[in-house]
Amino acid sequence: MMEGQSVLLRNPASHALWRRIIRHRSVYLVASISFIYFIIFKYIPIWNAQIAFRDFQALKGVTGSPWVGLKNFSDFVNSYYFWELIRNTVFYSVGKMAFSIPAAVFLAVALYECRIYGLRKTVQTMAYLPHFLSWVIMYAILLAILSPSNGILNDIIKAFGGEPVSFMTDTKYFPWIVILSDTWKETGWSAIIFLAALMGIDPSLFEAASVEGASAWQRVRYITLPAIKPVIVVVLLLRLGTVLDAGFNQIFMLYSLPVYSVADIIDTWIYRQGILEFRFGLATAVGLFKGVFGLLLIVVSNKLIKRYTGNGLY
Amino acid sequence: MAGTIRLTKSDKFFHFFIDAGLVLILAVLIVPIWSTLTLSFRPNDFIGSALDGMFLAPWKWSTAAYRALLGHRSFLSAAGNSFRIFFEGVATALFFTVPLAYALSIKTLPGRKLLYGIVLVPYLFNPGLVPNYLLVTKLGLSNTLAAVFLPGAVSVYNTLIMKSFFEELPEELKESARIDGASELTVLLRIILPLSKPILLTIGLYYGVHFWNDFFNAMLYINDPKLQPLPILLRNILLSSGMNEYVEASAFGEAPIYAIKAASVFLAAIPMLVAYPFIQKYFVKGTMLGSIKG
């Protein structure tokens with residue numbers, strides 16, 4: 001790139017670099033818009049996170065409040081709700097994974113194998129749609145099914161002579177409502193990545209299989225499922241990286257006082273303590289605990305993904 | 001020969017199994033939506049169970065709930081706020097996302113790795129709710145619609161999808177413009193953006209749907225009832241058992257409260273249902289692009 005012209009220059013490498021920088025000056029100009037956004041909206045909060053180590057007082061501000069060391073952290077770890085929050089959070093993350101990933105794999109394989117065009121397109125359209133509904137809307141849909149007075153499920157129970165059940169406020173049913181409603185909402189969307197992997201299968205494999213006389217079941221067992229196995233592993237590892245995100249919007253919309261013991265997750269607790277009770281230092285410490293732990297999990301899962309597929313996420 | 005016949009039978013059963021599975025999935029997806037929809041059209045004088053309501057003939061449906069909502073001041077004001085959040089949010093998000101995606105897509109840009117790192121760090125490490133809350137309130141964004149969309153105006157995921165799209169555009173087009181003496185900014189505005197309409201539409205709608213659905217930021221930062229967007233009003237309507245301070249009986253007229261609840265979510269979902277077909281065709285492509293390494 002720089003041979004010939006650079007012979008006379010004292011430091012050709014840096015000269016070429018400068019020329020490249022100057023040539024791209026307008027790119028830096030427009031990118032600085034996004035850069036400033038990132039500094040303000042993404043890096044100032046990281047700076048603000050230091051109040052996890054302070055006794056935050058609004059009047060004294062972030063840097064003026066007195067240091068308290070790890071007090072906020074030890075308050076959290078030693079409190080009686082610590083294990084309950086961790087348990088609920090991990091339970092919902094793992095529970096959702098256990099239901100929605102097998103369902104998504106089945107849906108993707110079924111859509112891929114289905115020969116009826118109209119059925120395939122209708123299921124695809126209907127299955128992706130709920131991903132775009134907010135949990136406020138989901139709550140209304142759940143009410144139409146589960147409400148003791150108007151829900152169809154309670155209607156069926158009453159038709160069989162049973163007593164209507166208040167599902168949403170019962171600790172027995174609440175965890176199932178959370179897991180199954182998430183499966184209902186997100187399975188279609190999760191299936192897309194498997195469907196994309198299926199599209200990439202070499203068709204000659206299927207031709208060879210049919211020449212060999214393989215049945216459709218054997219095709220799925222020995223070609224289709226092995227082809228998406230790496231994607232399943234990557235999706236599982238990705239979910240591992242976000243295991244502490246159990247779905248704030250969902251739980252917040254669905255839960256109520258009677259089910260707090262089985263519903264409360266780290267994020268809903270942070271919201272109540274930080275925003276409603278003004279315990280900023282404590283809530284920040286828990287958020288930071290979650291952030292650092294989440295970072296570790298993502299780094300580990302990315303390492304595993306890199307080892308497994310040869311390609312990392314970043 | 002017998003073997004082949006048995007195989008065909010097993011293949012037939014396989015396809016029956018697959019198709020029956022899909023029909024079942026379809027039913028599971030449709031029944032809850034249908035029961036909510038019929039609930040929203042149920043007339044005030046309806047007698048019978050919820051199951052009867054699901055099979056009520058369409059000519060017996062009542063639009064009272066929809067008329068009540070569309071004639072109500074607080075619903076119209078919330079819808080107006082939501083539309084403003086949608087359009088202002090999408091414009092802001094694209095304004096911040098496009099330059100970033102473009103800069104990251106130029107392989108020869110000095111400092112590209114550093115920029116990538118700056119983008120990635122907050123993506124991997126989230127300092128949590130309270131530090132963000134302190135920032136937004138400190139910036140004086142409380143009780144502004146911008147508080148709903150500004151904190152989430154750049155999504156790293158969307159940026160990477162857009163970057164991959166820019167990278168796929170033919171290099172010769174950009175090169176020929178550069179040889180003609182065009183600056184990088186001109187290349188972006190005159191060549192890249194006109195070719196990127198599909199991705200701008202898709203990413204814009206991704207952002208838009210996200211802002212339209214958001215109730216958390218609105219709940220955190222907006223107290224002024226005049227500025228409340230739809231999800232907050234919806235939530236208040238849904239959580240009101242019977243009639244309370246949010247939903248006055250007289251205000252919503254003839255419709256039963258459960259019909260109002262159901263109708264309000266369908267009205268709120270309409271803009272998304274309109275946008276949905278436009279983005280649906282990019283789902284699979286977007287997923288594949290998103291999984292490409294930076």
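Worth saying up front: this structure is predicted, and the values here are computed from it rather than measured. Proteins get letters first, then strands, A, B, ... in listed order; numbering begins at 1 in each.
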> Of all of B:L104, B:N213, B:T38, B:L134, which one pairs up most often with chain A through heavy atoms under 4.5 Å apart?
Replying inline: B:N213
>> If you define the side chain from C-beta out and look only at heavy atoms, does anything of B:L273 sit under 4.5 Å from A:L129?
In response: yes
> Considering only heavy atoms, which portion of B:L141 lies under 4.5 Å from any heavy atom of chain A: side chain, backbone, both, or neither?
Replying inline: side chain
>> When you compare the side chain of A:T284 with that of B:P131, does any pair of heavy atoms fall below 4.5 Å?
In response: yes
>> Do A:I51 and B:V130 have side chains that approach each other closer than 4.5 Å (heavy atoms only, starting at C-beta)?
In response: yes
>> Which atoms of B:A275 are under 4.5 Å from chain A, going by heavy atoms: the side chain, the backbone, both sets, or neither?
In response: neither
>> Taking side chain as everything from C-beta outward and backbone as N, CA, C, O, which of these in B:D19 sits under 4.5 Å from a heavy atom of chain A? Side chain, backbone, both or neither.
In response: both
> What is the distance from atom CD of A:Q124 to atom CG of B:L22, rounded to the nearest 0.5 Å?
Replying inline: 9.5 Å
> Any side-chain heavy atom of B:F17 within less than 4.5 Å of one from A:E113?
Replying inline: no
>> For B:V31, which atoms come within 4.5 Å of any heavy atom of chain A: side chain, backbone, both, or neither?
In response: side chain
>> Nearest 0.5 Å, please: how far is CD1 in A:I137 from CG in B:L230?
In response: 9.0 Å
>> If I compare all heavy atoms of B:V154 with all of A:F38, which pair ends up nearest, and what's the gap?
In response: CG1-CE1, 3.7 Å
> Side chain, backbone, both or neither: which part of B:L135 has a non-hydrogen atom closer than 4.5 Å to chain A?
Replying inline: both
>> Donor-acceptor pair, distance only, cut-off 3.5 Å: does the side chain of B:Y276 make one with the backbone of A:F132?
In response: no
> Is the number of heavy atoms from other residues, nucleotides or ligands within 6.0 Å of CZ (A:F106) greater than 12?
Replying inline: yes
> Closest approach of B:L234 and A:V136, non-hydrogen atoms and distance?
Replying inline: CB-CG1, 3.6 Å
> Do you know which two heavy atoms are closest between A:Y37 and B:L150, and how far apart they sit?
Replying inline: OH-O, 2.5 Å
>> Please determine whether the number of non-hydrogen atoms from other residues, nucleotides or ligands lying under 6.0 Å from atom CZ of B:F216 exceeds 12.
In response: yes
> Considering all heavy atoms of both residues, which atom of B:T36 and which atom of A:A140 are nearest to each other, and what is their separation?
Replying inline: CG2-O, 4.2 Å
> Quick one: does B:F215's side chain get under 4.5 Å of A:N249's, heavy atoms only?
Replying inline: yes
>> For the backbone of B:F96 and the side chain of A:S34, can you confirm whether one donor and one acceptor N or O come within less than 3.5 Å of each other?
In response: yes
> Which pair of non-hydrogen atoms, one from B:P32 and one from A:W184, has the smallest distance, and what is that distance?
Replying inline: CG-NE1, 3.8 Å
> Side chain of B:D11, backbone of A:A216: donor and acceptor closer than 3.5 Å?
Replying inline: yes
> Which atom names give the shortest non-hydrogen contact between A:I40 and B:L139, and what distance separates them?
Replying inline: CG2-CD1, 4.1 Å
> Is it the side chain or the backbone of B:F14 that comes within 4.5 Å of chain A heavy atoms, both, or neither?
Replying inline: both
> Distance from B:L29 atom CG to A:T187 atom OG1, nearest 0.5 Å?
Replying inline: 8.5 Å
> Once the angle between the rings of B:Y133 and A:F280 is folded into 0 to 90°, is it parallel (under 30°), tilted (30 to 60°) or perpendicular (over 60°)?
Replying inline: perpendicular
>> Sub-4.5 Å heavy-atom contacts with chain A: which residues of residues 262-271 of chain B show up?
In response: B:V265, B:A269
> For A:L119, is it the side chain, the backbone, both or neither that has a heavy atom under 4.5 Å from a heavy atom of chain B?
Replying inline: side chain
> Where on B:L37 is there a heavy atom nearer than 4.5 Å to chain A: the side chain, the backbone, both, or neither?
Replying inline: neither
> Just by distance, do the side chain of A:Y43 and the backbone of B:I118 share a donor-acceptor pair under 3.5 Å?
Replying inline: yes
